[in-house]
Amino acid sequence: MTGERQPVSPGALRQVAALAGLALSEAELEQLAPQVEIVLEGLRRLEELDLQDVEPATIHPLPKE
Amino acid sequence: MKELCLLTIGELSGPIRKKELSPLEVTKSVLERIDRLEKGLNAYITVRRDEALKAAQEAEKAILAGNYLGPLHGIPIALKDLFATKGVRTTGGSKIFADWIPPYDATVVEKLKNGGAIIIGKANLHEFAYGPTTINPHYGTTRNPWDRERISGGSSGGSAAAVAASLCSAALGSDTGGSIRLPAALCGIVGLKPTYGRVSRFGVMPLSWSLDHAGPMTKSVEDAALVLNAIAGWDAKDPASSTAPVPDFTQALNAQVKGLKVGVLKEYLAEPMDAEVYEAVKKALATLESLGATVAEISVPRVKYDISISTTILFAEATAYHEPYLKTRPQDYGADVRARLQLGYFFLATHYLRAQRVRRLLNADFQAAFTKADVLITPTVPIAAPKIGEDTVELGGRVKDTRSALVRFTRLFNLIGGPAISVPCGFTAAGLPIGLQIVGRPWDEATVLRVAHAYEVHAGWRQRQPSMA
């Protein structure tokens, strides 16, 4: 799904923080917003890759005994 | 005659074994040097003066009685204060654990003690290992022995500074994104991140479970092999621990690299870095070629995703571990670590899994790369040690965040998990150390140590010591 990228707003972070049970001040939310955007931008670039049939590296083979 | 504290484990262990040198004299030499220099460096959170002297006396008695335990017997070792040490305050560099006295040893600490090592103290670190500078708001900044106005790097900065300044014979560090290798590079010592699962993580405070590694920080490659011999091996208490056989890593140290294929990671060599770092790495490659190795560029295009993947995994795992404390005692974290931990809440499980899926692709890419090369080489850090408080650096004509620059070349190898070592490969005109990173196939520490040792012996950088006047 493509669309115009929206910058991350302190309001959006406030909602997520509330869901996570995290108490953050407005100043903290404003400071975090651009840093979240940077990481999300990197994650968007990962969408370039075809991950069909690629399993995560979290798979845990069970020991033999 | 050289002071005992300046000698490597390799130089000390023979005379100790032959009863020509007392472990007590070695420990006293290190403690005297700590008395003189520690205040100006702040490498330690806790120094165990009385306990170390007592342990050294016991080591002396045991060796004289014929009970020699091996090359680490009687050797003073520092532990990053992330390693649980029974009966000894283990703070994690934090206020949260400022008074924690573990009732158990980390597995690697137990192994060192069983080998007769003398635990000289607990080294300073970036709070909870979550940063590359060791500017610690609770225990102070660890200063670089080569220039005390500069950082030692991190997060194992205290361990690196202690080894570089001979305030111990060797140290243990941990490495989640470069925290052994980058302070080793900035302080001019050897730092080895072994293969994931080679060394037990039990009793090492976690930062990121799938990225954390424990390993040696030493004055020489031989010493790194000796310490790795002591600490490697399967541990039932670490779910990531491997039953892979543990060879004698010192057997690899034959200074021969003829016929070995050295790959230079093209994408990293094209990254901005200090001109002096670039030149030092090029000269190191030329040295390896002169020793008979072949050097060729290797391209791994998907390396461009390394920071995104590493960041997502690190943020999620670190925040998950710290969740109980972050919610109840946020004010007790330093501002930088608290902010990084808070960031971990803002990404989805699907983001984390996407990162782990791309990680699997990268693992396959490097498996393929290692069919064309025996080792890969990069600079360890694109810059020499920044000044304390220098939040930005200039790289390639652009202003970059110092923290991001410091870990640029190291984080990838926590993702793919193979062994990676930093060895000194020169100095800047200002006299600051430069590090060369040598990376190997999973479980092939032997080849990494072999190349590192050959380079170290022929390049001769190890002989240069910081002036500690």
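Below, chain A is the first sequence line, B the second, and so on; all start at residue 1. Quick note: numbers below take in every heavy atom, side chains included, and nothing from hydrogens, waters or symmetry partners. Keep in mind the model is a prediction, meaning the values are calculated, not measured.
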Q.
Check this for me: B/Glu390, atom CD, are more than 12 non-hydrogen atoms of other residues, nucleotides or ligands nearer than 6.0 Å?
A. yes
Q) If you round to the nearest 0.5 Å, how far is CD of A/Glu41 from OG of B/Ser308? A) 8.5 Å
Q: Report yes or no: does B/Arg359 contribute a side-chain atom to a donor-acceptor pair with the main-chain N or O of A/Pro56 at less than 3.5 Å?
A: no
Q. Would you say B/Arg357 and A/Glu55 make side-chain contact, with heavy atoms under 4.5 Å?
A. no
(Q) Please check: side-chain N/O of B/Lys327 versus main-chain N/O of A/Ala23, any donor-acceptor pairing under 3.5 Å? (A) no
(Q) Using a 4.5 angstrom heavy-atom cutoff, name the option from B/Thr311, B/Val358, B/Ile309, B/Ile313 with the most pairs to chain A. (A) B/Val358
Q. Given a strict heavy-atom distance threshold of 4.5 Å, which part of A/Leu49 is in contact with chain B: side chain, backbone, both, or neither?
A. side chain
**Q.** Validation row: A/Glu28, B/Arg338 side chains within 4.5 angstrom (heavy atoms)
**A.** yes
Q | Straight-line distance of B/Gln356 CD to A/Leu51 CG, nearest 0.5 Å | A | 12.0 Å
(Q) Rounded at 0.5 Å granularity, tell me how far CG in A/Leu24 sits from CZ in B/Phe346. (A) 5.0 Å
Q.
Distance check, rounded to the nearest 0.5 Å: B/Arg360 atom CZ versus A/Asp53 atom CG?
A. 12.5 Å
(Q) Are there over 12 heavy-atom neighbours, none belonging to A/Gln31, within less than 6.0 Å of that residue's CD? (A) no
Q. With side chains defined as the heavy atoms from C-beta onward, is the minimum distance between A/Leu40 and B/His351 less than 4.5 Å?
A. yes
Q. About how many Å separate OH of B/Tyr352 and OG1 of A/Thr58, when rounded to the nearest 0.5 Å?
A. 6.5 Å
**Q.** Spacing of CG belonging to A/Leu22 relative to CD belonging to B/Glu323, to within rounding of 0.5 Å
**A.** 8.5 Å
Q | Contact check, side chains of A/Arg45 and B/Lys304, non-hydrogen atoms, under 4.5 Å | A | yes
Q) Does B/Asp401 CG have over 12 foreign heavy atoms under 6.0 Å away? A) yes
**Q.** Sole residue of A/Ile38, A/Val39, A/Val36 in side-chain contact (heavy atoms from CB on, under 4.5 Å) with B/Leu343
**A.** A/Val36
